[in-house]
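Labels below follow one simple rule: chain letters A, B, ... track the order of the sequence lines, proteins then strands, and each chain is numbered from 1.
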There are 2 protein chains.
Amino acid sequence: MARYAKALGHPVRIFVMDLLSKQSCCYSGDLTDELPIAKSTLSQHLKELKEAGLIQGEIEAPRIKYCINKDNWAEAQKLFKDF
Amino acid sequence: MARYAKALGHPVRIFVMDLLSKQSCCYSGDLTDELPIAKSTLSQHLKELKEAGLIQGEIEAPRIKYCINKDNWAEAQKLFKDF
DNA sequence: ATTTTTGTTCGTAGTTTTACGAACAGTATG
DNA sequence: CATACTGTTCGTAAAACTACGAACAAAAAT
């Protein structure tokens, strides 16, 4: 629970999750266009979301398609709701 | 949104919010009894929750009664739900 | 008035987070 | 094969987080 909250505790990561919740999938490039941060920084945030289990990446060469991890996202929402 | 999530991104603060959601109010002493941390550390966590707007403290000398800030908590829950 | 109770603030230390650019790796394209 | 595209990893630096004990503040109890 704290792990999920912590992963969401940054504006960039909220932005990413918000986008993914609206369009289910996206590429890093979509995000770098809209966010004023270096691609290496974005990569770190995506890594954190991935390690928290909130998203998953699928190789679609030469890009990577990121999607919400629906199971874990559902669990996180349930945890917040039941709180 | 990120502010609320960040405030919840620590096990101790989750514990506090969980307790408060069950019994609406509590004193610091209740928490120090149950948590293996120094009272100064707890005080810092409570301060963070307070600054994030999730709880509020009311002096009830010589103690302080902490309660959930219902308005902000409701807002936070709505934000998570609508996500 | 002194002591006790409750909790905050201060100073400190170690760890983690956030951010950047440079260098690297893998795949696609010319 | 060489080049371009996409993204990760590495090294670094500044800031924030976490935790502790000691010192402090305010009110209650003795």
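- Rounded to 10°, the helix from C/dA1-D/dT30 to C/dG30-D/dC1 has 10° between the axis fitted to its first five pairs and the one fitted to its last five.
- Per the geometry, CD1 belonging to A/Ile55 stands 13 Å off C1' belonging to D/dG7, to the nearest Å.
- Here C/dA19 presents its C1' atom at 12 Å from CG of A/Leu42, a figure rounded to the nearest Å.
- Distance B/Tyr27 OH to C/dT5 P: 18 Å, rounded to the nearest Å.
- The stretch residues 61-70 of chain A touches DNA chain D through A/Pro62, A/Arg63, A/Ile64, A/Tyr66, each having a heavy atom within less than 4.0 Å of the strand.
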Can you build the contact string for nucleotides 10-22 of chain D? Use B for base contact, S for sugar-phosphate-only contact, and - for no protein heavy atom under 4.0 Å. -------SBBBBB
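- A search for salt bridge (Lys or Arg N to Asp or Glu O under 4.0 Å) contacts involving B/Lys22 returns B/Asp18, not counting sequence neighbours.
- In this entry the distance linking CD1 of A/Ile59 with P of C/dA25 reads 16 Å, nearest Å.
- Atoms CG (A/Leu46) and P (D/dT6) sit 15 Å apart, rounded to a whole Å.
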Could you go through residues 56-69 of chain B and list every donor-acceptor pair under 3.5 Å that involves a side-chain atom there, pairing it with any protein atom two or more places apart or in another chain?
| from | atom 1 | to | atom 2 | distance (Å) |
| --- | --- | --- | --- | --- |
| B/Gln56 | NE2 | B/Ile68 | O | 3.4 |
| B/Glu60 | OE1 | B/Tyr27 | OH | 2.4 |
| B/Asn69 | OD1 | B/Asp71 | N | 3.3 |
| B/Asn69 | OD1 | B/Asn72 | N | 3.2 |

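- Across all non-hydrogen atoms, the minimal contact from A/Leu46 to A/Ile55 is O-CD1, 3.7 Å.
- Here A/Ala2 pairs with B/Pro11, B/Ile14 under the side-chain contact (heavy atoms from CB on, under 4.5 Å) rule; sequence neighbours left out.
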List, one per line, each side-chain donor-acceptor pair under 3.5 Å for residues 38-45 of chain A, sequence neighbours excluded.
| from | atom 1 | to | atom 2 | distance (Å) |
| --- | --- | --- | --- | --- |
| A/His45 | ND1 | A/Arg13 | NH1 | 2.9 |

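- The CG-P distance, from A/Leu8 to C/dT18, rounds to 12 Å in whole Å.
- For the pair A/Lys47 NZ and C/dT17 C1', the computed distance is 13 Å after rounding to whole Å.
- Backbone-only contact: B/Ser28 has heavy atoms under 4.0 Å from sugar-phosphate atoms and none from a base.
- In terms of heavy-atom proximity, B/Leu49 sits nearest to B/Ala7 at CD2-O, 3.8 Å.
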Could you tabulate the donor-acceptor pairs under 3.5 Å formed by side-chain atoms of residues 75-83 of chain A, not counting sequence neighbours?
| from | atom 1 | to | atom 2 | distance (Å) |
| --- | --- | --- | --- | --- |
| A/Glu75 | OE1 | A/Tyr4 | OH | 2.8 |
| A/Gln77 | NE2 | B/Phe80 | O | 3.0 |
| A/Lys78 | NZ | A/Asp82 | OD2 | 2.7 |

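- Rounding to the nearest 0.5 angstrom, the gap separating the CD atom in B/Glu48 from the CG atom in B/Leu54 is 11.0 Å.
- To the nearest angstrom, C1' of C/dT17 lies 14 Å from CG of A/Leu49.
- For A/Cys26 against A/Gln23, the heavy-atom pair with the smallest separation is CB-NE2, 3.4 Å.
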